Structure formats: structure tokens, C-alpha cells
Amino acid sequence: MTGKKERNKERREKRLQEISLLRTIPYSDNQRWWSQETVAVVTGANRGIGFEIARQLAGHGLTVILTSRDISVGIEAAKVIQDLGFIVDVHQLDILDSESISAFVDWIRQKYGGVDILVNSAGVNYNLGYDNSVEFSRQVIETNYYGTKNMTKAMIPVMRSSAVGARIVNVSSRLGRLNGRRNRIQDANLREKLTNLETLSEELIDRTVSSFLQQVEDETWQSGGWPQTFTDYSVSKLAVNAYTRLLTKELSRQSQGEKIYVNCYCPGWVKTAMTGWQGNISPDVAADTGVWLALLLDPAITGKFFAERREINF
Ligand code: NDP
């Protein structure tokens, strides 16, 4: 291992140790704004990071709605959390299916009246290791970007007004960083437009992912200046990150008491089905920043990107 890699590894391990210490500190009464009436919805919660986020939020005493596209798998997963003595309800949800989303929103409105926290964890990636196939790029973009966006749009009307604000947390990835040193879009002009809140728009994000998908269809994507690692996945998460910032801008007009805070985070490289159980951290550790963001009592934290409880640049 090179000196730089070694140092990065040491830094990461040190930060993970710090986080495991932070996790042992209980929330004080001042920080604990939630109760068992607080409702948190987690997408893709039947396994992996989504399941862990659901388990940890339930462990903090909230009511968690574990959603799963296969209801029987969701019921089994919810049972694991219920057996710990926590409050978990379960519902079918496929974020690619608009009927499934609207059936879910109707159910939540009727049964709970509203939602305080939405964690978008559902996602797909079909590449492993050094592979970079774009065979499933449409599925990847549709699920990770459009699915997350459609779910979020459908949920905003049922996000509850409260003094502390509602929260949306998107599970994203550093691979989707716009201005990272590696793996970024080569077109500086496009990067600038996606970075600048004045020029960032939903139409621009949609146009960017469509242009990538068109190039995949035309078989010209390899010279298109797209991120080089897990290209389709990176483009999808770049879009999620950009949408997170855009949403914050759109939601900033809401008055006090109706605020919704929206952030995204990178869980790290995690031992789940998505990585073929590779990765260097467990889903339990990977869930931490998502849970921390969902429970954080700081109105200044919105439209931001985190990793290991620290803000990073988009
Ligand atoms: P898993 O593959 O373990 O879990 C993915 C979850 O998403 C599953 O519950 C899956 O359901 C669900 N899902 C997929 N498509 C849909 C859909 N259309 N509707 C509803 N649910 C769906 O992966 P992870 O837990 O690792 O990934 C969770 C999130 O973390 C993803 O957004 C991923 O991109 C992100 N992430 C993961 C990293 C890692 O190293 N693992 C790194 C960076 C980000 P089903 O069981 O039915 O397939």
C-alpha cells in the first residue's frame, strides 16, 4: 500500500473509532425532540443499510415504517426489529411503481396522518470490483434518481409540520461527487451549472441523466466525459446529490413550523449485497450518519452532504 493510501486508511479507521465512541453517548433530554409518536419511513429497508437505519431509529424509540418492494420479505425483516421490542410497522413500496408509491402515501395518511422523517435508502448497482458495464444503466438511473425523486415528491405533502421541522435523508455516494478530484464529470461548464444554485434546476438534472442514457444507447458514452468508476451508478448518485440541493432551495420558502430539512450522505464502502459483501464497514456502522442526520436538531444543516458525520463537498 502506498504512503497516501496507508494514511487515508489510518484516518478512516481513527474516524470510525471516534464514531463508535460518539454512538455510546446517549442523546440528552434537550436533544431528544422525538417520541414514539414520531414517524420515520425508510425505503429499501428489508435489508442492508436501509434495514439498519430502520433498526437504529426504532431503537431510539421512534415509530418506524419499514418498506419493502416484496412485502413478505418486509414482514420478515420487520419481525426481527419487533422481536427486539421496538415499534415497527411494515408496508409494500416499490419506488419504481407510481401506483405503489401512491398506495403507500394514502395508507400513511390514513393510518398515521403524516410523517416526520423520510430516509431514501432504496437503490441498485449492478457493477462489482473493476466492472463498468452500462447494461442496466436505465434501471440504475430510474431507481436511484427518478425513484428517489418521485418518492420524495409524493411524500412532501404528508411531511408533518412541527417546531423542529421534518427531515429527508438521501443515502447517496461519494462516487456522485460533482467536484471530487477523481471520478467527476469532465465538462467544466456542466459541472459549474450543476454546482451553482442559480443555474441548478430539475430540468438540468433530468437533461444530464437523459444525455448519459442517450449516449449509452448510441454507444458513445465512453468518450462522453462521464465519471469512470461505476459510471451509471455515479451519474445516478450525482443526480441525487444535485436534487438534494435543489430541493433545499425549493423548500427554503416554507415558513417556520413547516420546515423540511434535506441532506444526503455517503455511507462508505459497505458489506451488503450491493457490494457482493465486500466493503470495509458493516451496515450497522454505515447506518450511523443517516440516523444522526435524521435525528439532528440543527436547522442550519440542510442541503448538505455528509460522510462519517462530517460535511463533505458536493
Ligand atoms: P442492498 O442491495 O443491500 O439493499 C438495497 C435495497 O434497496 C434493498 O432493500 C432493495 O430491495 C431496495 N430496492 C432496490 N430497488 C428498489 C425499488 N425499486 N423499490 C424499493 N426498494 C428497492 O444495498 P445497500 O444497503 O448497500 O444500499 C442501500 C443504499 O446505500 C443504496 O441507495 C446504495 O446506493 C447506497 N450506498 C451503498 C454503498 C455500499 O457500499 N453498499 C455505498 C454507497 C451508497 P430488494 O431486496 O427487493 O432488492
Side-chain angles (χ1 to χ4, degrees), residues 12 41-56 65-78 80-81 90-104 118-129 136-152 154-155 168-177 180 183 227 229-230 232-241 243-244 264-291 293 305-308 312:
R12 200 186 57 245
V41 168
V42 186
T43 71
N46 53 290
R47 61 178 159 103
I49 300 165
F51 172 80
E52 271 303 322
I53 292 176
R55 188 179 70 84
Q56 290 178 30
I65 318 298
L66 182 153
T67 68
S68 170
R69 61 178 160 176
D70 179 336
I71 186 62
S72 56
V73 179
I75 290 170
E76 287 301 312
V80 175
I81 304 179
V90 56
H91 200 275
Q92 196 278 339
L93 177 69
D94 181 343
I95 61 165
L96 281 176
D97 177 354
S98 58
E99 283 178 18
S100 169
I101 294 180
S102 61
F104 174 71
L118 167 64
V119 181
N120 288 307
S121 187
V124 290
N125 174 28
Y126 293 93
N127 283 303
L128 278 178
F136 300 106
S137 52
R138 192 161 289 277
Q139 182 91 354
V140 171
I141 302 276
E142 288 287 344
T143 307
N144 297 359
Y145 170 54
Y146 288 107
T148 298
K149 180 168 83 159
N150 293 340
M151 177 61 188
T152 304
M155 289 293 287
I168 299 173
V169 179
N170 293 326
V171 186
S172 191
S173 170
R174 280 189 184 91
L175 287 173
R177 283 180 68 194
N183 210 43
T229 306
F230 296 169
D232 52 8
Y233 181 78
S234 297
V235 171
S236 75
K237 292 298 190 180
L238 184 147
V240 169
N241 290 349
Y243 186 65
T244 303
C264 53
Y265 89 102
C266 176
W269 188 37
V270 193
K271 293 178 200 290
T272 62
M274 184 173 282
T275 59
W277 317 103
Q278 302 290 303
N280 47 28
I281 56 169
S282 65
D284 169 49
V285 175
D288 173 76
T289 302
V291 172
L293 280 170
F305 188 22
F306 284 82
E308 289 134 19
I312 57 173

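Just so you know, ligand 1 is whichever comes first in the structure, and atom 1 is the first atom listed for that ligand. Keep in mind that this is a model prediction, so the values were computed, not measured. The chain is numbered in sequence order, starting from 1.
Residues H91 and V41 have side chains not in contact (no heavy-atom distance under 4.5 Å, counting atoms from C-beta outward).
N183 and S234 form a side-chain donor-acceptor contact under 3.5 Å, judged by distance and modelled atom types alone.
Listed by chain and number, the residues in a salt bridge (Lys or Arg N to Asp or Glu O under 4.0 Å) with R177 amount to none (sequence neighbours excluded).
Rounded to the nearest 0.5 Å, atoms OG1 (T143) and CZ (R138) are 12.0 Å apart. Note that the NZ atom of K237 and the CG atom of N170 stand 8.0 Å from one another [nearest 0.5 Å].
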Would you mind listing each N/O atom of ligand 1 next to any protein N/O under 3.5 Å, plus the distance?
residue  : atom   : partner : partner atom : Å
ligand 1 : 2 (O)  : R47     : NH1          : 2.7
ligand 1 : 3 (O)  : R47     : NH1          : 3.2
ligand 1 : 7 (O)  : G123    : N            : 3.3
ligand 1 : 9 (O)  : G44     : O            : 3.2
ligand 1 : 9 (O)  : N46     : OD1          : 2.8
ligand 1 : 18 (N) : D94     : OD1          : 2.9
ligand 1 : 19 (N) : D94     : OD1          : 3.4
ligand 1 : 19 (N) : I95     : N            : 3.0
ligand 1 : 25 (O) : I49     : N            : 2.8
ligand 1 : 26 (O) : T272    : OG1          : 2.6
ligand 1 : 32 (O) : S121    : O            : 2.9
ligand 1 : 32 (O) : K237    : NZ           : 3.0
ligand 1 : 34 (O) : Y233    : OH           : 2.6
ligand 1 : 34 (O) : K237    : NZ           : 3.0
ligand 1 : 36 (N) : Y233    : OH           : 3.3
ligand 1 : 40 (O) : G268    : O            : 3.4
ligand 1 : 40 (O) : V270    : N            : 2.8
ligand 1 : 41 (N) : T272    : OG1          : 3.2
ligand 1 : 46 (O) : N46     : ND2          : 2.7
ligand 1 : 46 (O) : R47     : NE           : 2.8
ligand 1 : 46 (O) : R47     : NH2          : 3.3
ligand 1 : 47 (O) : R69     : NE           : 2.8
ligand 1 : 48 (O) : R47     : NH2          : 2.8
ligand 1 : 48 (O) : R69     : NH2          : 2.8

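Ring pair Y126/F136 is tilted by interplanar angle, where 30° to 60° counts as tilted.
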